[in-house]
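Atom set for the values below is all heavy atoms of this structure, side chains included, hydrogens, waters and symmetry mates excluded. Sequence lines set the chain letters: A, B, ... in the order given, protein chains first and strands last, and positions in each chain run from 1.
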Amino acid sequence: MNPIVREIAERAADFLNVPAARVEGVLAPPRDESLGDYTIPCFAFAKELRRSPQEIAAELAPALEQLPSVERAEAAGPYVNLTVDRPRLLRHILGTVLKEGERYGGSDEGQGKTIVIDYSSPNIARPFTIAHMRTTVLGHSLKKIYEHLGYRVIGVNHLGDWGTQFGALIAAYKRWGSRERVEKDNVYELFRLYVRFHEEAKKDPALEDEGRAWFKRLEEGDPEALELWQWFVDVSWRVFQHYYEILGIEFEEVRGESAYRDMTGPLIQELLEKGIAKESRGAVIVPLDEEGDEGKEEPPLLLRKSDGTTLYATRDLAAAIYHYEKYQFHKKLYVVDAGQSLHFKQLFKALEKMGYPWAKDLVHVAFGVVLIEEQRMSTRAGRVVFFEDVLKQAVERIRRIIEEAEKKTELSDEEKEQVAQDVGVGAIVYANLSRSRLQNINFRWDEVLSFEGRSGPYLQYTHARLAGVLRKYEGEIPQDPDYSALTQPQEVALAKKLEQFPARVQAAAQEYDPFLLSDYLYDLALAINKFYDSCRVLGEPPEIERARIALVGAAKTVLKKGLELLGLKAPEKM
RNA sequence: GCGCCCGUAGCUCAGUGGAUAGAGCGCUGGCCUCCGGAGCCAGAGGUCGCAGGUUCAAAUCCUGCCGGGCGUACCA
């Protein structure tokens, strides 16, 4: 912790005769930075001291002003506003950032602990849509964040490659498919077959039975069914891999639902024998009702359908057990949309009933869905936006912006292409992280393609500006300049913003929400741009220039790290 | 019916107990012979869904209601 804050808290605690942690708990930045650096609201101490908050503040202020690192302490009604020794504060903050560099904001709290994150997990035979982006981007960022905190993170891509839908797909392919068209149009062709299947099934319900029959054959190991299925998987995976490459995402484990298909039979058997599962209406279920809560019965977890085939809940159960046995995880996170809360509630409860103590370490990291024109995306209704199309448009638009600014950017053609890609991806990624995770996102082209204001490109641009200054400075970044040269409010404000980074990384991890970090990063970029606009760096008197270079260096380090944790590239030029 | 989520500026969203509720977009008006204008500054714009309650203090906590979304046994 900041030593100045500690001194203040200790002195105040001493004076008020309360624990220092109590003071630290209320000590905060004031409403307006012109009031000072910190404020102590005295309401919390009024009751036990039997004094009004105003009286307490009036007495506390002079006591705190005696501290050498406190420049000014003023009682303002019930608040004590503190202005501290700025050079010392700046030396502490910037010194820490410059010393720790890439490690700033990290910790070793995760030493020896493993976190398994199940994310992205797309369904085979469907194109990547913007709806898939949310889980992909959230999961990837969480992974980066936990790694920064010292955890070993296993990113799991639990591909949706098993289930009734593949019976339907095989049935559709057998009726209308062609090898050439699938080779040529990959997932898009598979998707067309799938859509057609459901259209025709409306007219001819017998088709559904045909699909179910194929899935049964698949589960029973029928060679023809398996061969077709494997081919669909391969075709799809090649496409997905291409997107993951563009997004800079790698998984430690790619293991679809199909990998658990041999585990489900014995698992169901075991659960039946132990009396945890039972047969009901021809299916096998795990009842989840609590004793005696009549009237609000919990729906059971369905393990096996009456036709003998399994469900994804069955495979999820097997996967959880498999992952615990393999990794002894500290936590396993499922980054899956909020519509599936009930499924996970059931899943976790079933595992608890089975007696696994680690069931409490399973977390459903729920998020709001992506809507189009206020409606849920429907692949069947054709109300869908493909990731590929969004990416193309974003990259194209950025290319044009780069061309317009050509004289300034000094980029080679290759660099331009790379930057267009990195910034295009950045725009899409940031758009997915710019709301707290439970908010639905209404997809709008003008929003994703807006690169001004609160956006990925704005953050990246800010970083490139700082990089430009350091590039032109040419010298080494001074590690311990005279910080009393930094007297502008924008300089102090920026430094204080940098100090918040570690806490924001922590908060994002704790709440499983990278938004907390992306929100902070925007504020940081804003502080940087305000500073940049009001304080020239290069060519200023040496003392000022050196101190400002240190500030720029520290700011760039934090912004870059933050972008990385969100899954965005931080180009040096753009 | 029950469960979960959401309701804050024209639009999209922050803010989960502390001072005068903040951003972005849009709108109006400014700012480089100077490190990158994808920028910065200023302005207009709000009965925080409604009604009670708790508290020295409520957008924030509690209760009820209204509006919207999702889920609720053989899809994933």
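Judged by atom type and distance alone, A:Thr39 reaches the base of B:rA19 through a side-chain donor-acceptor pair under 3.5 Å. Between the base of B:rA38 and the side chain of A:Ser455 there is no donor-acceptor pair shorter than 3.5 Å. Side-chain atoms of A:Arg281 and base atoms of B:rA73 include a donor and an acceptor less than 3.5 Å apart. Put simply, the side chain of A:Asn81 and the base of B:rA19 share a donor and an acceptor less than 3.5 Å apart.
OP1 or OP2 of B:rA14 has at least one side-chain nitrogen or oxygen of A:Ser436 nearer than 4.0 Å. At B:rG22, none of the side-chain N or O atoms of A:Arg31 fall inside 4.0 Å of OP1 or OP2 (strictly under the cut-off).
Closest heavy-atom contact between A:Glu540 and A:Glu545: O-CB, 3.8 Å.
Between the side-chain ring of A:Phe43 and the base of B:rG18, a stacking contact exists by the 5.5 Å and 30° definition. The ring of A:Tyr79 lies on top of the base of B:rA19, close enough and flat enough: under 5.5 Å between centres, under 30° between planes.
When rounded to the nearest whole Å, the span between OH of A:Tyr461 and C1' of B:rG24 equals 18 Å. Residue A:Arg454 contributes atom CZ, which lies 10 Å from atom P of B:rA23 at whole-angstrom precision.
The side-chain tip of A:Arg454 points at the ring of A:Tyr522 from less than 6.0 angstrom away and within 45° of straight on. A cation-pi geometry, defined here as NZ or CZ lying under 6.0 Å from the six-membered ring centre and within 45° of its normal, holds between A:Arg261 and A:Trp229.
Under the 4.0 Å criterion applied to side-chain N and carboxylate O atoms, A:Glu417 and A:Arg399 are assigned as salt-bridge partners.
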